[in-house]
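Some notes on the structure that comes next.
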Amino acid sequence: AQSVTQLGSHVSVSEGALVLLRCNYSSSVPPYLFWYVQYPNQGLQLLLKYTTGATLVKGINGFEAEFKKSETSFHLTKPSAHMSDAAEYFCAVSAYTNQFYFGTGTSLTVIP
Amino acid sequence: KAGVTQTPRYLIKTRGQQVTLSCSPISGHRSVSWYQQTPGQGLQFLFEYFSETQRNKGNFPGRFSGRQFSNSRSEMNVSTLELGDSALYLCASSLGPTTGELFFGEGSRLTVL
């Protein structure tokens with residue numbers, strides 16, 4: 001079975017500060033892991049994904065995430081927050097299928 | 001290349017009615033998945049279709065059904081609507097069932113009164 005836990009339903013950072021959104025997963029098989037972003041009244045946009053290979057994954061808009069098997073984590077980071085990063089972020093896991101298991105989401109607020 | 005298109009974007013129904021939502025995947029994508037998003041339950045998998053066949057189904061009652069056509073377009077239907085069916089219904093397409101990447105539409109927001 002697969003599941004995801006996102007720590008912190010709300011995160012606030014100052015503009016220019018480090019963004020760190022936490023995600024821990026549980027999977028009975030080597031997982032595929034994803035981060036999606038959702039802006040108000042919109043669908044989900046893929047930020048980055050881990051399937052196999054390099055454990056440090058770079059995505060769009062300066063985001064990256066590191067797959068740490070020993071810690072069952074896939075935290076999302078961005079060195080410098082921008083106002084446009086304010087949105088809801090979802091971590092997801094799948095076991096080689098399109099049945100994704102999503103976390104409950106983290107709402108990111110960027111303070112000017 | 002056009003993205004995933006969902007229609008209608010917004011709709012209001014009353015309890016007991018039924019609703020049909022439509023999804024056109026990205027050109028060339030043959031797999032379509034449906035998800036329900038609510039404030040209380042979050043994002044939950046409904047079902048997936050590939051080559052007109054349902055591959056996986058989530059834990060939803062039989063009132064929720066879907067189908068896929070030969071051109072990969074998909075529809076989902078909810079019968080005998082309940083207040084709790086109010087949600088954002090998201091369609092996602094992918095090249096196939098194991099490619100590991102979903103592209104989402106903007107969703108159909110259903111309100112049940």
Side-chain angles (χ1 to χ4, degrees), chain A residues 1-10 21 23-25 27 29-55 57-60 65 67 74 87-107, chain B residues 3-7 9-10 21 23-26 29-51 53-60 66 68 72 74 87-109:
Chain A
Q2 288 75 41
S3 67
V4 163
T5 301
Q6 290 185 241
L7 298 175
S9 57
H10 298 276
L21 305 182
C23 172
N24 288 89
Y25 70 91
S27 179
V29 299
Y32 285 175
L33 293 161
F34 309 83
W35 276 100
Y36 281 85
V37 62
Q38 186 177 36
Y39 297 98
N41 298 316
Q42 294 189 23
L44 301 175
Q45 180 183 7
L46 179 66
L47 280 175
L48 48 79
K49 66 176 181 179
Y50 169 80
T51 53
T52 58
T55 56
V57 181
K58 294 186 183 299
I60 62 172
F67 170 59
F74 191 59
E88 189 89 15
Y89 291 80
F90 293 93
C91 181
V93 64
S94 80
Y96 317 132
T97 74
N98 289 335
Q99 183 168 358
F100 284 23
Y101 295 85
F102 285 88
T104 51
T106 298
S107 177
Chain B
V4 177
T5 303
Q6 292 188 244
T7 57
R9 288 290 314 279
Y10 303 90
L21 309 178
C23 173
S24 293
I26 292 171
H29 285 195
R30 297 173 58 200
S31 174
V32 173
S33 304
W34 289 88
Y35 286 80
Q36 182 196 63
Q37 185 177 24
T38 61
Q41 299 298 316
L43 282 151
Q44 293 187 288
F45 172 79
L46 279 158
F47 29 64
E48 179 196 9
Y49 287 87
F50 175 71
S51 293
T53 301
Q54 187 179 90
R55 281 183 52 87
N56 288 305
K57 182 173 168 56
N59 188 25
F60 280 83
Q68 186 180 36
S72 295
S74 177
L88 181 66
Y89 290 89
L90 292 164
C91 170
S93 76
S94 64
L95 284 169
T98 60
T99 51
E101 188 165 354
L102 293 180
F103 296 84
F104 283 84
E106 293 192 319
S108 292
R109 183 167 296 281

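Order of the sequence lines fixes the chain letters, A, B, ..., with proteins taken first and strands second; residue numbering starts at 1 for each chain. No hydrogens, no waters, no symmetry mates; every other heavy atom, side chains included, goes into these values.
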- Contacting moiety of B:Tyr10, where chain A heavy atoms sit under 4.5 Å: side chain
- Please check if the side chain of B:Tyr35 supplies one atom and the backbone of A:Phe100 the other of a donor-acceptor pair under 3.5 Å. yes
- Message: If I measure from the heavy atoms of chain A, does B:Arg9 come under 4.5 Å with its side chain, its backbone, both, or neither?
- Response: side chain
- Sort out for me which residue in A:Phe34, A:Tyr36, A:Tyr39 forms a ring-ring contact (aromatic ring centres under 6.0 Å, His included) with B:Phe104. A:Tyr36
- Select one option (side chain, backbone, both, neither) describing which atoms of B:Phe47 are under 4.5 Å from chain A's heavy atoms. neither
- Message: Between B:Leu46 and chain A, with a heavy-atom cut-off of 4.5 Å, which part of the residue counts as in contact: side chain, backbone, both or neither?
- Response: neither
- Rounded distance [0.5 Å steps], OH in A:Tyr32 versus OG1 in B:Thr98: 6.5 Å
- Do you know which of B:Asn56, B:Leu43, B:Leu88 has the most heavy-atom pairs with chain A at a distance under 4.5 angstrom? B:Leu43
- Item | Which atoms of A:Leu44 approach chain B - backbone, side chain, both or neither, heavy atom under 4.5 Å | both
- If you measure from CD on A:Gln38 to CD on B:Glu106, what distance do you get to the nearest 0.5 Å? 10.5 Å
- CA sep, side-chain torsions, deciding dist, call: A:Asn98, B:Leu102, side chain to side chain contact (heavy atoms under 4.5 Å, CB included): CA-CA 7 Å; A:Asn98 289 335; B:Leu102 293 180; 3.6 Å; yes
- Kindly compute the distance separating CZ (B:Arg109) from CG (A:Asn41), expressed to the nearest 0.5 Å. 6.0 Å
- Between B:Gln37 and chain A, which part of the residue has a heavy atom less than 4.5 Å away: side chain, backbone, both or neither? side chain
